[in-house]
Amino acid sequence: MNTSGGEITVHDKHVDYSGAKMGMWLFLFTELIFFGGMFLLYAVYRSSFPEEFYSTSAELHRTIGAVNTVVLITSSLTMACSITAVKKGDTRLSALFQLLTILFALTFLVVKYFEWEAKIGHGIYPGSEALTAQGQGKIIFYSLYFVMTGIHGVHVLAGIAVISVTMAMTLKNRINKGDYIRLENTGLYWHFVDIIWVYLFPLLYLIG
Amino acid sequence: MNSGQPAEAPQSFYYNTGKYRGVLSWVLSTDHKRIGILYLLSVGAFFLTGVTLGLLMRLELIAPGKTVVNASTYDSLFTLHGIIMIFFFIIPGIPASLGNFFLPLMIGARDVAFPRLNLLSWWFYIVAGFLALATVVMPGGPPDVGWTFYPPYSIRTTTSVSLAAFAAFVVGFSSILTGLNFITTIHRLRAPGMGWLRMPLFPWALYATSWVQVLATPVLAITVLLLILERSFGVGFFDPVKGGDPLMFQHLFWIYSHPAVYIMILPAMGIISEVIPVFSRKAVFGYKAIVISTMAIGVVGYLVWGHHMFTTGMSEEAQLVFSLITFIVAVPSGIKVFNWVSTMYRGSIVMAPPMLFSLAFIFLFSIGGLTGLVNASVAANVHIHDTYFIVAHFHYVMFGGTGFAFFAGLHYWFPKMFGRIYNVRAALIACVVMFIGFNLLYFPLFILGWNGMPRRYYDYLPLYQPLNVLSTIGSWVLAAGILVVVINLVRGAFRGDPAGSNPWDGTTLEWQVPTPPPAENFDVIPEITHGPYHREGKAQ
Amino acid sequence: MTQEKETATHTVSYRANLFVWLALLILTAVTVMVAGIDLGRQGILVNLLIASVKAGLIVFIFMHMKYESPLLKLMLLMTLGTLTVIIMMTFLDTLYR
Ligand code: HEM
């Protein structure tokens with residue numbers, strides 16, 4: 001241990017399953033509070049502009065929102081299944097489920113992209129002239145819409161990146177029946193992203 | 001840096017460079033002790049930078065009118081001073097440097113739970129530090145909005161507010177990583193037999209602090225992020241023209257920043273709770289009361305942010321509740337002061353530098369805390385809001401409190417960290433000089449504020465001059481004290497006499513390992529059989 | 001290393017996953033339908049309630065919270081409590097201003 005230049009290895013190799021999970025949950029708590037700040041703004045501004053929120057929400061495309069909800073929920077299913085698979089020792093199946101998750105996530109983003117595109121095409125985006133000309137409640141609603149879905153979208157993107165890594169690791173058998181905490185933690189993150197959307201969907205699309 | 005290696009203890013972590021050599025063996029190390037020292041050096045550098053800016057401001061204020069800097073430079077000075085002192089000195093100060101080094105040692109662990117995240121946290125800190133300093137050379141010039149970033153001005157000004165806000169965002173990540181690392185470490189890695197009530201008080205304080213870091217810092221992250229989006233895309237959340245509410249920014253900002261003052265003070269209280277029993281040669285009085293009040297401060301401290309907004313036109317109901325809770329949060333702090341004093345009662349007090357700094361802490365923190373109660377009552381607050389009374393109050397709490405506790409901790413653990421001891425006489429003298437300078441610098445500000453001198457101006461009415469001169473002279477005395485401390489410690493690290501493994505006769509675990517500690521801390525993880533301040537049966 | 005309980009490593013079956021998924025789909029359909037009928041101010045409350053049931057399902061089954069230690073459950077509760085209190089205390093200002 002005290003050979004000079006010797007590597008400090010003991011604690012790096014030391015894998016504490018419960019500790020790793022606790023760390024991940026703590027991280028999710030910070031994410032929750034982070035989004036919580038936006039939900040707080042939403043709540044306060046909705047109570048100041050109830051009518052405008054009501055009418056502006058109706059301008060969003062409800063069906064598209066619903067479709068995206070189904071897509072994301074399904075991606076949560078495939079993510080959960082990939083963990084079930086790896087725990088049962090079937091790493092190939094697990095990797096396949098992860099691939100499906102990534103595909104659903106991409107679908108979500110593509111749909112989101114077209115949705116934004118349509119709004120922006122109509123000149124509606126934060127700071128745009130068309131929007132600034134509208135009433136205050138409308139400006140705030142659309143700002144919330146773009147910021148909340150935007151930051152959520154960034155989280156989806158990050159999820160895709162992380163799941164790609166775990167998928168590669170699963171294929172190389174570095175995530176396996178005996179050591180799957182990284183996949184499990186990735187799953188936790190992914191489900192969290194799903195939960196945020198579960199709230200965003202009614203708050204943005206369904207209050208009209 | 002390597003010459004800091006003491007002659008003895010070849011198994012010390014200074015010799016265990018890991019797989020890298022030279023500087024890389026530090027900046028890429030995952031050893032909590034090396035990261036702790038990295039943090040110590042970087043936090044110290046930022047502290048000295050901040051002090052320099054503070055001295056400049058005081059120099060400007062030696063006479064009314066323009067003395068050395070003009071109005072807009074002064075605005076940048078207090079902004080940078082505030083940002084540096086808050087985000088880069090006082091928040092990470094104790095937990096990330098001393099906490100990193102000593103938390104694992106004190107609970108009998110080989111390292112923190114996530115050593116690599118620990119290193120990442122330091123890197124975030126450094127990157128954020130450079131971003132903050134980079135604002136000085138940016139086209140727009142350094143920010144001039146105060147460390148609080150209040151809109152609407154912060155939306156409109158053309159100075160590099162976005163970059164400074166982004167720096168706060170990044171350093172927030174660093175803080176969060178430290179917090180979640182410590183919580184997991186304390187839950188998972190305590191030595192066998194160390195039940196919760198056998199844990200020393202500094203780890204307890206870090207535990208409470210870490211929770212506040214984890215649950216409050218994300219609010220800062222989203223707040224400054226929204227500010228950046230506001231500036232770049234005009235989203236309008238805080239812009240009254242677009243229906244936004246600037247007060248919502250203040251709410252969000254203080255939802256983080258008030259708990260943040262407990263991130264600053266809790267670890268400081270933890271240090272004092274370690275130092276006082278050791279130098280009174282007694283077990284701490286009311287261990288459980290200190291633990292409970294630590295947690296209580298963490299919880300209640302979360303609920304008082306509104307007292308920063310009494311004069312903004314917030315609802316009277318809110319004023320009432322926030323004022324009441326603010327009074328309540330003073331109770332657990334008072335309990336602690338009581339415990340420390342009772343610990344000293346009939347103890348055989350050894351007046352070593354850590355003890356002297358701790359006594360200074362109790363005195364200065366009490367002034368800071370009691371004037372906080374003046375601020376907490378709404379009526380008085382209206383009178384002193386945004387005056388130098390507030391400036392004096394928070395310097396007493398943050399600098400007189402946390403700053404002095406940081407020095408107490410540094411002088412206490414220094415021998416363990418570096419294997420050598422500084423000149424004790426010089427340290428004692430420096431402490432006295434700092435104490436005198438501190439009071440000369442800040443006490444007049446209470447009077448000035450009470451008489452109506454507003455903060456954040458480079459100018460003032462001539463009638464305020466005498467006390468301002470006194471204050472500026474105090475700043476030089478204080479600076480001299482700080483200088484002696486720095487020289488003494490740096491000299492001590494390289495040339496001081498070798499310190500034994502337990503120079504202060506401490507009872508907690510970190511004193512039972514060799515000095516400086518070996519890379520793995522403990523050859524054999526100790527089995528804990530009694531409380532942390534147990535004296536008679538000191539087995540090891 | 002400590003006295004604390006290790007997390008259970010329970011495996012959630014494919015069937016359970018599938019059931020949760022079906023429940024989530026049905027709840028999504030319900031929430032859209034509820035939005036169709038005009039409930040006025042109560043509409044958003046019903047929608048939030050449904051969203052919370054969905055979130056609960058995800059947390060408990062997909063995220064295995066059901067099988068985790070009481071400690072982790074307590075931590076989650078604490079975080080949710082913190083968020084609730086922050087929101088409520090902010091409304092103390094904005095609602096009565
Ligand atoms: C020698 C040491 C120091 C000196 C001379 C000094 C001096 C000052 C002065 C003159 C101001 C500006 C008052 C105004 O115009 O409103 C100020 C503001 C401030 N100081 Fe210090 N200070 C020192 C140390 C510290 C320390 C250690 C901390 C924190 C731990 C700190 C935190 C702050 C903060 C947060 C502000 C408010 C900035 C703002 O208004 O945005 N200072 N200080």
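Labels below follow one simple rule: chain letters A, B, ... track the order of the sequence lines, proteins then strands, and each chain is numbered from 1.
- For A:L32, no part lies under 4.5 angstrom from a heavy atom of chain B.
- If you measure heavy-atom distances from B:L180 to chain A, the contacts under 4.5 Å come from both the backbone and the side chain.
- Side-chain contact between A:L40 and B:I255: present, with at least one pair of heavy atoms (C-beta onward) separated by less than 4.5 Å.
- Heavy-atom minimum distance, B:V235 versus A:P126: CG1-CB, 3.6 Å.
- Heavy-atom distances place both the backbone and the side chain of B:D245 under 4.5 Å from chain A.
- Rounding to the nearest 0.5 Å gives a distance of 10.0 Å between CE of A:M22 and OG1 of B:T185.
- Proximity to chain A at a heavy-atom threshold of 4.5 Å picks out B:W211, B:V214, B:L215 from residues 207-217 of chain B, in numerical order.
- Of all non-hydrogen atoms in B:F237 and A:V147, the two that sit nearest each other are CE1-CG2, 3.9 Å.
- Looking at every heavy atom in both residues, B:G236 comes nearest to A:I140 through O-CD1, 3.5 Å.
- Residue with the most contacts toward chain B among A:G127, A:G150, A:S143: A:S143 (heavy-atom pairs, distance under 4.5 Å).
- Looking only at heavy-atom pairs under 4.5 Å with chain A, the residue among B:L252, B:N181, B:V219 that has the most is B:L252.
- Summarising the geometry, atom CG belonging to A:D16 is positioned 6.5 Å from atom CG belonging to B:L189; distances are rounded to the nearest 0.5 Å.
- Interface remark: B:L226 contributes side-chain atoms only to the contact with chain A (heavy atom separation under 4.5 Å).
- Put simply, the side chain of A:Q136 never gets that close to the backbone of B:G244: no donor and acceptor are under 3.5 Å apart.
- Distance check, rounded to the nearest 0.5 Å: NZ of B:K242 to CD1 of A:I139 gives 7.0 Å.
- When each of B:I176, B:L225, B:T223 is checked for a side chain to side chain contact (heavy atoms under 4.5 Å, CB included) with A:F34, only B:L225 meets the rule.
- Applying the 6.0 Å contact sphere to CZ of B:F233 captures no more than 12 heavy atoms from other residues, nucleotides or ligands.
- Only the backbone of B:P240 comes within less than 4.5 Å of a heavy atom of chain A; no side-chain atom from C-beta onward does.
- The environment of B:Y302 atom OH is dense: over 12 non-hydrogen atoms of other residues, nucleotides or ligands sit within 6.0 angstrom.
- Counting non-hydrogen atoms of neighbouring residues, nucleotides and ligands closer than 6.0 angstrom, the CZ atom of A:F104 exceeds 12 such neighbours.
- Using a 4.5 Å cut-off between heavy atoms, A:F27 touches chain B through backbone and side chain atoms alike.
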